[in-house]
Amino acid sequence: MTERFPLSRRDFIASAGAAALTSAIAAPALAQSANKPLKIGMVTSLSGPFTALGESMRAGMQMFLAENGGKLAGRAVELIVEDDQAKPDEGVRKFRKLLGQDNVDIVSGVISSAVALAVRDVVTEAKALTFISAGSANDLARKAASPFVFRPTKTNWMLGHTAGLWAYEKLGKTGCMTIGADYAAGREYIGDFVATYQQQGGKVGKQLWAPLGTTDFGPLLTTIAAEKPEFIYSFFAGSDAVRFLRQMREYRLSGKVKLIGGGALFDQEDVVSAVKEAALGGLNTCNQSPTAPSSAAFTKAYQAARNVMPGEMGTAGYVTGQVIKAAVERVQGDLSNKEKVKEALLAREVETVFGPMPFDPRNNQAILDIYVNEIKEGAGGVPVNQVIHTYKAVRDPGPVA
Amino acid sequence: MGFYAVQSLNALSFSMLLLLTGLGLSVVLNLMNFVNLTHGSFFLLGAYVGVYWLASGAPWWLAFPVAFVAAGLAGFLLERFPFRQFYARTHLMQVLLTYGLSVIFADLMRWGFGAQILSPEIPEALRGVVFIMDMPFPIYRLFIIGFGAALAFALWFVIDRTIWGAVVRACVTDRGFVETLGLDTRRIFTAVLVISAGLGGISGALGAGILSAYPGLDEEVLILALIVVVAGGLGTFRGTVLSALLLGFAMTFSKVWVPEFSNVVALAIMAALLVALPEGLVAKKVRQV
Amino acid sequence: MSSIADGTGRVETRPASQRRSLPVTAKLALLALATAVPLLFAGDYQLRFLAEILIIGTAVLSLDLLVGFGGLVSLGHAVFFGGAAYAAAIASQALGADIVVMLAVGIVTGMVAALLMGIVVMRTIALFFLILSLIVGQIVWEVVFHWREVTGGADGLRGFPVLTLHTGFATIPLNNGVALYLASVVLALAAYLAARSFVTAPIGRALLGTRERQLRMSALGYSIPRIRLMALVASGAIAGAAGALYPFVNQYVGPNAVHWTMSAMMIIMLVIGGVGSLYGAFIGSAIYLGIQTYVSSYTDRWQLVVGLVFVLTVMIMPKGVVAGLKAAFGRRKDAERRS
Amino acid sequence: MSANAVPALAIEGVAKSFGGLKVLSDVSVTLGQGECLGLIGPNGAGKTTLFNIVTGFLIPDHGRVAFAGEDITTAKPDVRVRAGLVRTFQKSMAFPELSVRENLALAARSRSGDGYGWFGSRKAVAAADEAADELLTRAQLRERAELLVSGLSYGEQRIVDVLVSLAMRPRVLLLDEPTAGLSRAEGEHLIEVVRTLGEDLSTILIAHDLDIVFGVCDRVAVLDLGRLIACDTPDAIKAHEGAQAAYLGASLGEAA
């Protein structure tokens with residue numbers, strides 16, 4: 001079978017086709033040249049489990065650019081948004097496309113931590129100016145920190161840690177149970193919460209884990225009902241969070257057991273607007289709150305534009321825009337020297353919708369105000385995340401941890 | 001005691017949910033020998049219809065017939081084109097066609113209903129809980145158990161105990177024979193598919209109360225339903241019921257005892273079942289050769 | 001002497017002398033040319049993209065052995081591919097990432113995974129095979145997804161060494177587009193030849209026999225489980241080879257690589273490219289990834305496009321786009337001739 | 001070894017039930033070396049079930065099956081086939097998408113043990129093709145070698161089906177209604193092919209066409225409702241009253 005090479009005419013057509021395809025996709029790259037508009041690439045999830053979050057993030061960024069007349073530091077901005085499907089492989093492909101074919105000046109976005117970790121080496125190797133809007137695995141500010149990757153967002157530790165402080169101080173020293181989504185983020189949130197809470201002297205009871213994408217929380221809620229805890233620390237996101245909160249109420253646990261969680265559990269746009277009253281009384285620690293003073297104008301504008309109060313992702317898209325604007329303006333639109341951009345961004349804090357945002361020079365991680373939100377009835381009976389406490393300038397332990 | 005009683009009810013209600021989703025799939029597979037992977041889309045469509053209906057303020061109980069009609073209509077149109085051309089094709093081609101269609105519908109529904117997670121307003125009458133030896137159990141889940149059992153019984157009765165069921169089953173084995181009786185087999189097939197799609201819709205409207213509605217739910221539900229129907233054994237109604245109960249109880253009690261490994265345990269049980277019984281729980285008795 | 005005919009995994013039995021084909025040297029030259037063209041025109045990103053098309057195409061090719069020739073539609077195929085990818089990524093941290101070592105690790109992993117999966121699934125057929133392979137695949141995914149110490153859990157693995165090639169006197173790093181592209185061309189070619197020799201060898205014919213008439217094959221003294229197992233292992237070896245290179249294109253591997261949706265994606269690629277044609281695997285992979293990467297830049301509705309292309313292929317070109325277009329083209333030519 | 005010492009196939013007291021339905025009860029019959037045994041009986045008499053038991057597709061509830069003196073009651077089908085106990089099916093089971101030569105070669109390679117080769121099996125392929133061509137030549141079908149079976153007439157498909165079995169070089173061949181659906185001439189041609197190509201072959205032939213059975217078989221066994229009611233020379237069977245009654249009440253003498 002080996003003495004004849006298996007290339008028939010059909011094969012030739014196929015390979016010629018491949019060649020034609022290549023030159024077609026290569027053509028735009030060749031056309032690239034002069035320094036014209038400022039190209040910003042954004043990779044976010046427009047399909048897959050984070051679709052709604054991705055659409056919010058994109059909307060936030062677009063709102064910001066529209067407010068600035070589509071210009072930053074005098075340069076017209078061209079925003080190219082790509083979909084990563086919340087899949088790391090796809091995310092990497094899209095980052096490479098933005099950098100290798102669209103020749104963008106800045107890449108930004110990313111919701112999933114896995115995508116953020118996956119693209120880390122790609123952008124580092126390309127020395128690309130990168131702004132991670134939401135991916136929040138602790139490692140991104142620690143082992144996987146990178147010189148040109150800026151993180152205008154929280155790490156999971158910041159939220160788990162502050163929740164541990166708050167719970168010990170205000171909710172009780174014992175009678176704590178945890179329940180979380182059994183994947184990387186859930187493990188980090190719950191682990192950091194438990195570490196801090198225990199460090200303070202608190203005692204943690206039973207810890208439950210639910211697989212990602214759990215449809216029926218009934219069995220776990222019955223277990224909780226039997227355990228009768230004082231309060232629960234929990235981390236779920238997206239549809240898992242919606243189902244968890246609704247089923248909590250179905251099983252009459254909502255009023256009885258105090259619930260505190262990571263910001264995503266009570267995300268204003270993604271979760272609270274879906275579960276409505278079932279969220280009332282819930283607590284969460286988050287770097288974003290629609291009622292934070294720094295967010296007042298943005299919340300109003302977002303509500304006017306999208307008919308819903310902003311959650312973390314919509315805000316993150318906007319804040320990413322704000323940080324990019326600060327960086328670009330501080331170097332008068334000249335991004336050629338990346339060291340200079342970095343210096344300028346680290347030099348002083350950026351005023352953002354999240355709150356004042358200085359960057360940690362060790363890992364380019366934002367140092368953030370973390371809000372403790374309680375879901376209360378707002379105007380018109382709509383449940384809203386109300387700030388009841390602010391932990392000022394929370395800083396991730398960083399590379400040493 | 002109360003704990004295990006409620007956990008058993010949990011398992012039963014989840015089994016019913018699985019059964020409801022599996023039933024529609026099972027009906028087309030059993031009666032028409034057609035694999036319909038768009039069933040998850042019917043489910044999601046029903047879920048969205050239910051959510052919007054319950055929010056509209058119209059009488060709540062109408063949500064279920066409306067979801068049935070909406071999904072049934074979708075099924076009717078699909079039956080006309082392109083399902084009809086694929087009845088005689090291999091299962092593989094049917095799988096490919098309907099999976100492709102489900103990808104299209106997933107995107108169309110995301111377009112139409114948005115990507116947000118939507119949860120229905122459960123009607124006041126179904127919101128309460130009952131306490132079983134001090135343990136709460138939601139009335140809505142009792143409603144699902146009752147509704148599911150009634151629907152399953154009705155279906156079993158029609159298919160196994162009435163002339164209609166016999167005619168439909170005869171259609172699959174010998175179309176020509178049924179046609180000589182003066183019956184239009186094409187209409188019969190259309191009717192079966194509409195009922196199957198409607199069942200998908202109605203279970204979606206019911207299930208949304210627990211699962212909510214969002215892009216991607218169609219696929220999650222489809223996978224569970226497929227496992228239930230295939231592991232039950234093709235061509236049997238009893239098998240689908242048994243396997244829904246098995247999977248429901250396996251998933252629930254693995255969550256009770258080993259929540260971290262619940263998916264693996266439940267999947268392993270289904271895998272072991274198929275290894276031991278390669279033709280499913282209840283295999284059609286066919287003589288070889 | 002026979003070669004694969006279009007579409008159904010049928011063997012073309014006309015003697016070689018009757019077939020219209022070019023001499024070996026011409027074929028080699030054409031192939032070299034086709035390989036070289038992208039090197040001249042494409043940048044680093046495009047070459048990496050082509051490398052990915054070829055690597056995933058190779059995995060789809062291995063799936064074609066099962067689907068096109070054995071009638072075994074597996075929703076667990078990603079386990080061979082992704083399992084090998086993980087094995088290579090993990091092994092590279094201890095052994096370094098020499099391409100030969102990585103390929104060996106991947107091939108062995110793919111074969112072992114296929115053997116284990118085969119022992120579980122070989123007694124089932126048709127829909128039962130589909131579902132059992134799905135379940136087994138998802139069990140593996142659950143393990144990968146939760147075993148954080150080894151697989152990195154949901155976050156996947158990164159930060160392993162780059163692919164290298166020992167040439168005796170120097171070690172060349174294969175971490176740029178050109179090198180990765182060339183490596184995957186070699187991989188794809190070798191895999192194609194191996195698959196082709198498999199389907200024309202007695203085992204391939206026997207596999208085809210089991211697809212067509214299982215009972216008859218038993219009556220001819222063939223052991224069906226043995227044939228299926230051999231096909232699975234051969235397929236696993238090829239998928240494993242592809243999987244071994246996959247992590248090094250992006251220096252990353254995540255649990256998505258073993259998820260059933262990856263298997264479903266491979267099936268879609270295979271059907272678009274042409275089931276049972278072998279070469280179609282690469283066409284399908286190029287079309288799918290092309291749509292996903294380029295259409296999604298213009299519209300959020302790219303899944304609609306993939307779905308439509310897929311459904312239309314199934315409906316009007318069940319043998320895949322190349323065979324379908326050729327048939328359509330052929331018909332037109334026939335018509336012209338007649339008129 | 002004397003040809004008559006050990007029967008080619010011995011079926012002893014075989015019984016089989018499906019659920020409550022008794023399909024075979026206490027059937028005993030032997031097939032001598034080189035003998036051609038006809039197996040007749042009305043539909044549902046259990047003929048095919050007996051074939052399935054002999055070839056290992058079914059395991060009997062009682063009784064045993066011995067092939068060339070060896071007990072094979074529970075052996076797997078593929079083991080029996082490789083030992084030389086080969087069958088055909090009621091429907092043509094030739095592989096429609098393979099060429100005629102490939103069909104035969106598939107059997108020849110199974111026979112020679114090369115059926116699972118991958119690399120380096122060029123010789124085995126060539127040998128099997130050669131064996132196939134030889135058989136085709138003798139059956140005067142050489143010119144059909146490269147056609148796909150699906151493109152042949154039904155009669156030719158049946159012949160190919162039987163040739164595939166012969167390519168296994170069986171010692172015992174079980175033919176399950178090989179002539180069904182064929183014209184008289186086609187049927188006779190098929191039997192002719194079997195007789196000329198299978199020299200020292202022992203055969204059991206199920207056929208509804210009694211002319212053929214009585215014409216070619218050395219002995220004829222009659223099954224009715226799962227029981228063996230007679231087994232004798234064609235002439236004796238034609239005269240056998242029980243057989244006549246069972247066989248649709250028709251007179252076997254007339255049929256012959």
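All of these numbers come straight from a predicted model, not from anything done at the bench.
- No other option in D:R82, D:R111, D:R109 has as many heavy-atom pairs under 4.5 Å with chain C as D:R109.
- Residue D:A107 comes nearest to C:L220 through the heavy atom pair CB-CD2, 4.0 Å, listed as atom of the first residue, atom of the second, then distance.
- D:V86 and C:A219 get closest at one heavy-atom pair: CG1-O, 4.5 Å.
- With chain D as partner, the option from C:G204, C:S223, C:A206 having the largest number of non-hydrogen pairs under 4.5 angstrom is C:S223.
- For D:S110, the parts lying near chain C are the backbone and the side chain together; criterion is any non-hydrogen pair under 4.5 Å.
- Here the closest non-hydrogen pair linking C:A201 and D:G117 is CB-O, 3.5 Å.
- Qualifying side chain to side chain contact (heavy atoms under 4.5 Å, CB included) partners for D:T30, counting only residues two or more places apart in sequence or in other chains: D:P7, D:A10, D:R219.
- Residues of residues 227-243 of chain C having a heavy atom under 4.5 Å from any heavy atom of chain D, listed by number: C:I227, C:M230, C:A234.
- Among all heavy-atom pairs drawn from C:G209 and D:F95, the shortest one is O-CE2, 3.4 Å.
- Note: C:S197 OG to D:F119 CZ = 4.0 Å, rounded to the nearest 0.5 Å.
- For the side-chain hydrogen bond (donor to acceptor under 3.5 Å, both in side chains) test, no residue two or more places apart in sequence or in another chain qualifies with C:E212.
- For residues 158-173 of chain D, the interface with chain C (any heavy-atom pair closer than 4.5 Å) comprises D:D161, D:V164, D:S165, D:M168, sorted by residue number.
- To the nearest 0.5 Å, atom CZ of residue D:R80 and atom OG of residue C:S218 are 12.0 Å apart.
- C:R213 places a side-chain N or O within donor-acceptor distance of the main-chain N or O of D:A94, the cut-off being under 3.5 Å.
- Between D:D78 and C:Y222, the closest heavy-atom pair is CB-O, 3.6 Å.
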Inset, instruction - Quick one: do C:R205 and D:L98 satisfy side chain to side chain contact (heavy atoms under 4.5 Å, CB included)? Show the steps, please. - result: CA-CA 9 Å; C:R205 303 289 93 201; D:L98 295 182; 3.6 Å; yes
